[in-house]
Amino acid sequence: MAIREKYQEIFGSAPEVVAQAPGRVNLIGEHIDYTDGFVLPFAISDVTTVAIGRRDDGKYSIVSMQRPQHKVVVDSLTPLSGEMWARYVLGTIWSLGVEGGFNVLIDGRVPVGAGLSSSAALECSVAVALNDLLGLGKSREDLARVTQRAENDYVGMPCGIMDQSVSLMGHQGSALLLDCRDLSTKDIPFDVASAGLELLIIDTQAHHALVDGGYAERRASCEKAVEVLGITSLRDISVEDYVARKAELDPVTYIRGFHAVTEMKRVIDTVEALAKDDFETVGRLLNESHRSLRDDYTVSCQELDEAVDTARAMGAMGARMVGGGFGGSAIALAKSTLIPTIKEGITQSFSARGFKAPRFFTSLPSEGAHVL
Ligand code: GLA
């Protein structure tokens with residue numbers, strides 16, 4: 001059933017606003033959004049749609065079409081310890097600083113737990129809907145900061161600003177070059193199809209417990225490197241200068257910072273290669289990014305490495321893990337004609353190693369969040 005009709009059925013009136021926001025994949029620029037880096041994600045075609053209406057009793061009633069039996073009704077925006085998906089909604093309302101109660105119906109079509117930012121899609125759909133409904137006049141940059149704050153301070157995940165920004169500011173046909181320092185953006189045309197290529201998304205279906213602690217710990221290492229080196233951010237030091245100052249850092253801090261400074265350079269190199277339709281170089285940079293995330297930043301896992309190695313062995317031009325790591329998805333850039341073989345190869349190798357069966361997606365760069 002369509003979301004407007006479902007809302008009417010559940011809440012007994014028509015919604016006042018309906019908005020949608022997409023998930024994302026990150027082409028390159030991993031774990032550098034929280035160190036002021038440039039990143040190059042794009043919005044995917046899977047979206048979360050929300051229908052919202054005001055209530056006059058000050059309560060918040062949240063229902064997901066995917067879990068209709070778990071209606072969440074609360075009296076206030078005090079951080080919840082319960083249903084995670086409801087916390088993204090309440091956190092966004094809290095972070096927007098708006099008054100009053102709301103009915104919220106969610107139709108979440110971004111695969112959950114696949115590292116495709118279903119949480120950012122939910123936050124951004126709510127933010128865009130309420131910005132419109134309440135005439136808040138907030139810019140996309142404001143909404144990116146609002147939704148990041150919801151996740152950092154309400155949900156308690158110390159994420160950077162990439163996922164929310166691309167969900168809000170991505171455009172069809174382009175990857176988004178996002179400067180995480182000032183949130184300025186540039187659309188970078190990403191037309192793999194005309195080159196006979198496809199970007200395969202491989203959801204390993206692995207979720208390792210390290211996720212939260214491991215993420216925060218790496219972020220802390222980058223902050224430590226900045227402090228010890230007395231620089232403003234890892235963005236402000238070249239790879240050469242960073243390497244020259246190796247002796248000033250303990251080995252773990254050094255190698256994590258090394259990932260950040262080299263990944264920043266790989267993003268710029270990828271943008272240059274895309275301008276020339278040089279997909280061979282893009283593939284090589286994806287491979288280098290994975291090596292760095294696996295060996296230097298140590299955020300990969302067996303399943304991600306297997307997916308990446310198999311994709312490459314079956315002819316992909318490049319492959320790497322995406323997102324926070326320790327599970328979730330990888331991407332592989334390959335000739336479209338090779339995609340079925342690559343999928344088959346990965347499915348077989350996962351089965352041989354006793355891993356959960358992977359899921360595959362593909363997506364062209366799609367439009368960011370908007371009111372419907
Ligand atoms: C998660 C976070 C992002 C970003 C990536 C790694 O997706 O939410 O802010 O740090 O990990 O690039």
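Computed over heavy atoms, backbone and side chain alike; hydrogens, waters and symmetry mates excluded. Here, residue 1 is the first one in the sequence, and each next residue gets the next number. Indexing begins at 1, ligand by ligand and atom by atom, following the structure's order.
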Would you say R24 contacts ligand 1, with heavy atoms under 4.0 Å as the rule?
yes
Below 4.0 angstrom, N of the basic side chain to O of the carboxylate: do R145 and E141 qualify?
no
SB check R320 E288 (cutoff 4.0 Å)
no
Separation between [atom1] of [X] and [atom2] of [Y], rounded to the nearest 0.5 Å:
X    : Y    : atom1 : atom2 : value
M264 : L234 : CE    : CG    : 5.5 Å
K186 : L40  : NZ    : CG    : 11.0 Å
L338 : L197 : CG    : CG    : 10.0 Å

Output field: ring centroids Y254/Y242 closer than 6.0 Å:
yes
Contact (N/O only, under 3.5 Å) between Y34 and ligand 1
no
Please determine if G160 has a nitrogen or oxygen closer than 3.5 Å to a nitrogen or oxygen of ligand 1.
yes
Just to be sure I'm reading this right: ignoring hydrogens, which of V39, I32, D33 gets closest to atom 9 (O) of ligand 1? Compare them by their nearest heavy atoms.
D33
Counting each atom of ligand 1 from 1 as listed, which ones have a heavy atom of [X] under 4.0 Å away?
X    : value
M162 : 4 (C), 5 (C), 12 (O)
C159 : 2 (C), 8 (O), 9 (O)
G323 : 6 (C), 11 (O)

Could you identify the single nearest non-hydrogen protein atom to atom 1 (C) of ligand 1 and state the distance to 0.1 Å?
D163 OD2, 3.7 Å
What is the closest protein heavy atom to atom 6 (C) of ligand 1, and at what distance does it sit?
E30 OE2, 3.3 Å
side-chain contact (heavy atoms from CB on, under 4.5 Å) partner of S167, chosen from C124, P41, S125:
C124
